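Just so you know, these numbers use all the heavy atoms, side chains as well, and skip hydrogens, waters and symmetry mates. Remember, it's a predicted structure, so these values are computed and weren't measured experimentally.
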Amino acid sequence: CALKELETLGKELFGAKIILQRFQVRRCPHFKTPVPASECLLSMLEETNPHHYFVATQDHAVTAGLKKIPGVPLLYIILNTIVLDKPCQTSLDHVQAVQLGELVSPAQQQSIRSLKEEQGIAQKGGERRGRKRKRKQSNPNPLSCMKKKKKGVPTPPLKKTEQGEKRKRSRNKKRRTEGGDSTSAPAV
């Protein structure tokens with residue numbers, strides 16, 4: 001319908017028509033008898049925007065109609081910038097109704113339960129599909145635990161020397177490697 005409307009408006013909007021033809025064309029119910037583009041958009045969105053359309057428009061009449069439909073994001077172009085409009089009050093109310101479960105009336109919920117029971121789909125007695133798995137008891141992370149301190153190993157008692165005797169000292173000798181000094185560097 002939007003393409004038909006642009007064709008009837010003439011050569012002044014030829015550029016807009018070419019831009020519109022580049023996008024995917026959706027079939028509307030009034031294909032043979034075209035209506036204005038704004039009415040066509042509103043009719044394609046229906047009551048709840050089932051196809052999740054985004055609408056970009058500058059027309060105030062269209063935006064007023066779109067704000068009555070919940071879940072329709074509105075886009076504007078302001079100074080070469082695309083701006084997403086705040087959600088309207090009907091969208092916010094719809095979200096709250098979905099969260100509270102008010103969207104389906106209790107009578108409808110009861111009829112849904114009875115139909116599920118007839119078909120054998122309903123879960124009986126709140127059974128779960130799978131059993132709840134028990135977690136294995138795990139040990140603590142070894143990196144986060146401090147090592148246990150060893151108990152002091154009793155050292156053998158030193159031989160007591162008499163007061164007049166001096167203790168005997170022992171020297172540790174450096175070991176030599178085969179073929180030279182122990183501190184020699186490799187030749188380059």
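Residue Leu115 qualifies as enclosed at atom CG: its count of foreign heavy atoms under 6.0 Å is above 12. Within a 6.0 Å sphere centred on CD of Glu12, heavy atoms belonging to other residues, nucleotides or ligands number 12 at most. The environment of CD in Glu47 is sparse: at most 12 heavy-atom neighbours from other residues, nucleotides or ligands sit within 6.0 Å. Within 6.0 Å of CD1 in Ile18 there are more than 12 heavy atoms belonging to other residues, nucleotides or ligands.
Grouped by direct or indirect side-chain proximity (heavy atoms under 4.5 Å, Ile/Leu/Val/Met/Phe/Trp/Tyr only), Leu13 sits with Leu3, Leu6, Leu9, Leu20, Val25. With side-chain heavy atoms closer than 4.5 Å counting as contact, directly or through intermediates, the hydrophobic cluster containing Val62 also holds Leu42, Met44, Leu45, Tyr53, Val55, Leu66, Ile69, Val72, Leu74, Tyr76, Ile78, Leu79, Val83.
Considering all non-hydrogen atoms of both residues, Pro34 and Cys1 come closest at CA-SG, 4.0 Å. Across every non-hydrogen atom of His60 and Thr63, the tightest pair is O-OG1, 2.8 Å. The minimum heavy-atom distance between Pro73 and Gly71, with the atom names listed, is CD-O, 3.5 Å.
Residues Asp93 and Pro70 fail the side-chain proximity criterion, which asks for heavy atoms closer than 4.5 Å. Taking the side chain as every heavy atom from C-beta outward, Leu75 and Asp85 never approach each other to under 4.5 Å. Using a 4.5 Å heavy-atom cutoff, the side chains of Lys4 and Thr8 are not in contact.
Formation of a donor-acceptor pair under 3.5 Å by the Glu5 side chain with backbone atoms of Pro36 is not found in this model.
The distance from atom OG of Ser114 to atom CD of Glu117, rounded to the nearest 0.5 Å, is 7.0 Å. Here the CD-SG distance, from Glu39 to Cys28, works out to 11.5 Å after rounding to the nearest 0.5 Å. Here the straight-line distance linking atom CD of Gln58 with atom CD1 of Ile77 works out to 6.5 Å at 0.5 Å rounding. To the nearest 0.5 Å, the span separating NZ on Lys67 from NZ on Lys86 amounts to 9.5 Å.
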